[in-house]
Amino acid sequence: MLRIYCPYCESVRDEDEFHCVGEAHIKRPELPDRLTDQEWGEYLHYRTNPRGEHREIWHHTVGCRQHFNVVRDTETYEIKLVYRMGIDPPTVPGRDR
Amino acid sequence: MTQRYSFLQLIRQAFRHHEGWTPAWNSVEPKDEYDVVVVGGGGHGLATAYYLAKNHGLTNVAVLEKGWIGGGNTGRNTTIVRSNYLRDEAAHLYEFALKLWEGLSADLNFNVMFSQRGVLNLGHSLQDMRDIERRVNANRLNGIDGEVLSPADIQKIVPILDCSPGNRYPVLGASWQPRGGVARHDAVAWGFARAADRLGVDIVEHARVVEISLNLGSGAVEGVVVEHEGERKRIRSSKVACVTAGNSGVVAALAGLKLPIESRPLQALVSEPLKPCLDTVVMSSAVHGYLSQSDKGDLVIGAGTDGYNGYGQRGSFEIIEETARAICELFPVFSRVRMNRQWGGIVDICPDACPIIGRMPVPGLYFNCGWGTGGFKATPGSGFVFAHTVAEDKPHPLAAPFGVERFHSGAVIDEHGAAGVAH
Ligand SMILES: Cc1cc2nc3c(=O)[nH]c(=O)nc-3n(C[C@H](O)[C@H](O)[C@H](O)COP(=O)(O)OP(=O)(O)OC[C@H]3O[C@@H](n4cnc5c(N)ncnc54)[C@H](O)[C@@H]3O)c2cc1C
């Protein structure tokens with residue numbers, strides 16, 4: 001069971017209050033009709049799937065219903081960082097990027 | 001040379017107090033060069049090696065496994081075998097596998113305990129029932145056995161299932177595939193390993209592939225670097241076939257590739273042994289629980305996947321709670337059964353819930369992955385078509401629709417929503 005800090009409720013809650021939406025910081029293409037099939041396929045279907053640090057969007061589904069970003073290790077499940085939507089991905093403390 | 005198993009052999013060994021049995025496969029050191037290197041010693045990798053040797057005469061083949069044979073999802077799954085998929089491409093592939101299952105024990109000279117005890121997929125809503133009817137009709141058009149059952153029919157097959165109208169998850173009907181069933185997962189890995197070994201394939205356990213070497217000029221595959229017994233060793237091969245399930249993304253990255261796959265834990269649990277009470281497989285995708293009873297008597301229960309990516313082979317606790325809740329609603333008689341063990345495996349999920357089988361943009365590199373939550377049932381078929389794809393450097397006709405190109409051409413095979421069932 002993960003314990004997740006919601007940056008809007010400003011409290012730590014159990015995992016089952018949340019829903020993981022998927023990889024964070026995927027930019028919608030600015031000119032979708034100019035994309036090649038390769039680029040379009042990649043935008044739609046390809047996600048990073050690291051064994052290690054992963055940036056993802058979580059939704060506080062049965063809480064404040066806000067979306068926010070989480071940096072989580074997919075091997076140890078340690079949550080390294082939580083930050084609000086709309087800001088540039090910050091670096092994880094104690095680590096160069 | 002390993003022995004052939006037979007009734008006569010059993011009697012002979014009995015007189016020698018069963019001390020004369022030799023190991024089912026040999027433990028070997030990897031050679032410097034192979035015609036094909038198979039990465040991953042799960043059922044699919046071992047089946048690939050077996051059919052490379054049997055059907056294509058390629059015996060200079062190695063299977064490199066980072067742990068032990070069958071220690072991945074092959075030895076962790078709930079062993080349901082069926083072929084009642086909706087889409088033609090998927091139905092043909094899984095039905096081909098089911099036909100191989102029907103003769104597998106004899107073919108491998110190893111009892112894989114394939115038991116065609118039938119598979120029920122329950123419907124709990126009108127939409128479930130419409131989907132079930134559509135799927136059963138599609139199956140029958142594809143020559144796959146299937147029936148739509150009423151609650152009264154279901155009750156005859158599974159008297160302990162609560163089909164009463166007031167149930168929290170009312171049972172409105174089910175699809176029934178009598179030829180479906182279960183098999184013994186370990187035996188499948190061991191049987192393929194032994195049969196491949198008998199044909200000359202080298203099976204190397206505790207050998208983790210840490211590098212895929214590419215030719216700087218042509219970009220083609222030249223071999224792999226493997227970590228084995230504390231040492232790194234370079235193995236030359238112009239064909240590298242990766243069958244690494246949940247770790248496929250990690251292995252693809254060794255060749256600089258990305259796959260449309262996400263890795264997530266999927267859980268299962270088994271109960272204490274009970275007297276025989278369930279002689280078929282009951283699945284319900286709406287409430288996400290499914291179960292069967294093993295020959296030992298324990299209930300084998302499959303749960304759902306975690307809602308997020310992960311490589312920890314355990315899984316979240318609330319998933320177990322959810323599944324246990326559903327099972328208790330459907331089978332009130334099991335409400336006080338104690339669970340003995342729980343575990344997880346890392347499943348490789350594709351956006352369309354169908355596998356990726358075929359060549360990669362790097363010449364000489366092949367992947368067979370993306371089987372996600374439901375690849376055990378395909379083990380022999382997967383190995384058969386993948387061996388063909390690797391040996392001929394051209395997709396087997398049944399594998400052709402499953403190339404990774406489909407995620408760029410748009411010809412995805414949408415089994416997810418369609419079949420609505422995960423395993
Ligand atoms: C809990 C659970 C229940 C399931 N239930 C069902 C079911 O009822 N029916 C069904 O059809 N399917 C089911 N599945 C899915 C099924 O188990 C898999 O799709 C199938 O077993 C995959 O087989 P495989 O040989 O490809 O993978 P695996 O058996 O996982 O083999 C892959 C192997 O690759 C090895 N490997 C990884 N990286 C490296 C490396 N770098 N070097 C060397 N080796 C490496 C791993 O150690 C592993 O042994 C279930 C899965 C789980 C986890």
Side-chain angles (χ1 to χ4, degrees), chain A residues 1-6 12-26 29 32-63 67-82, chain B residues 66 208 244-254 257-265 304-322 325 344 346-354 356 361 369-370 372 403-414 416:
Chain A
M1 175 79 78
L2 300 177
R3 298 269 295 155
I4 302 168
Y5 175 79
C6 170
V12 177
R13 306 293 180 87
D14 282 351
E15 160 186 344
D16 49 6
E17 285 192 17
F18 300 87
H19 168 72
C20 180
V21 180
E23 188 182 344
H25 305 297
I26 295 173
D33 43 358
R34 299 263 179 87
L35 293 191
T36 61
D37 287 353
Q38 194 73 23
E39 290 165 333
W40 190 232
E42 238 141 80
Y43 166 66
L44 281 183
H45 300 300
Y46 284 66
R47 298 291 174 264
T48 61
N49 186 25
R51 189 176 179 127
E53 222 168 271
H54 191 220
R55 285 176 190 262
E56 45 202 27
I57 299 178
W58 283 72
H59 183 222
H60 197 175
T61 318
V62 298
H67 289 90
F68 58 93
N69 296 305
V70 171
V71 181
R72 192 176 56 88
D73 189 309
T74 59
E75 202 167 5
T76 63
Y77 293 11
E78 185 197 345
I79 293 177
K80 304 239 165 113
L81 200 66
V82 173
Chain B
K66 73 170 176 181
R208 178 197 297 267
T244 46
N247 279 296
S248 295
V250 178
V251 175
L254 300 178
L257 295 176
K258 198 170 163 183
L259 293 170
I261 280 184
E262 290 191 286
S263 299
R264 295 190 167 183
T305 40
D306 279 3
Y308 43 85
N309 292 6
Y311 287 85
Q313 286 172 314
R314 43 184 193 274
S316 318
F317 185 69
E318 74 270 14
I319 301 272
I320 309 177
E321 272 187 314
E322 206 183 296
R325 229 169 7 226
I346 305 307
V347 295
D348 37 344
I349 300 183
C350 255
D352 60 356
C354 277
I356 294 170
C369 59
V404 73
E405 317 78 58
R406 72 179 187 272
F407 296 102
H408 297 121
S409 69
V412 293
I413 305 160
D414 183 18
H416 234 334

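Just so it is clear, the values below take in all heavy atoms, side chains as well, and ignore hydrogens, waters and symmetry mates.
- Across P50(A) and Y311(B), no two heavy atoms sit closer than the pair O-CE1, 3.1 Å.
- Comparing E321(B), R406(B), E262(B) by heavy-atom pairs within less than 4.5 Å of chain A, the highest count is held by E262(B).
- With rounding to the nearest 0.5 Å, the separation of CD in E75(A) from CD1 in I346(B) is 10.0 Å.
- Contacts of E39(A) with chain B are absent, with no heavy-atom separation under 4.5 Å from either backbone or side chain.
- When heavy atoms are compared at a cutoff of 4.5 Å, N247(B) approaches chain A solely by way of its side chain, counted from C-beta outward.
- Ring orientation note: the planes of H408(B) and Y46(A) are close to parallel, at an angle under 30° on the 30°/60° scale.
- Here S409(B) contributes atom OG and D37(A) contributes atom CG; the two are 8.0 Å apart, rounded to the nearest 0.5 Å.
- Remark: H45(A) NE2 to L259(B) CG distance equals 14.0 Å, nearest 0.5 Å.
- Put simply, CG on N49(A) and NZ on K258(B) are 9.5 Å apart, with the number rounded to the nearest 0.5 Å.
- For chain B, the option among L44(A), V21(A), T48(A) with the highest count of heavy-atom pairs below 4.5 Å is T48(A).
- Taking NE2 of H54(A) as the reference point, atom OH of Y308(B) lies at 13.5 Å (rounded to 0.5 Å).
- For the options P351(B), P260(B), S263(B), heavy-atom pairs under 4.5 Å to chain A are most numerous at P260(B).
- Atom CG of N309(B) is separated from atom CD of E23(A) by 9.0 Å, given to the nearest 0.5 angstrom.
- Looking at T76(A), only its backbone comes within 4.5 Å of chain B, counting heavy atoms on both sides.
- The shortest heavy-atom contact between C20(A) and G307(B) is CB-O, 3.3 Å.
- For the set G410(B), S248(B), G249(B), G310(B), the entry with the most heavy-atom pairs within less than 4.5 Å of chain A is G310(B).
- Contact of R314(B) with chain A is made through the side chain alone, with heavy-atom distances under 4.5 Å.
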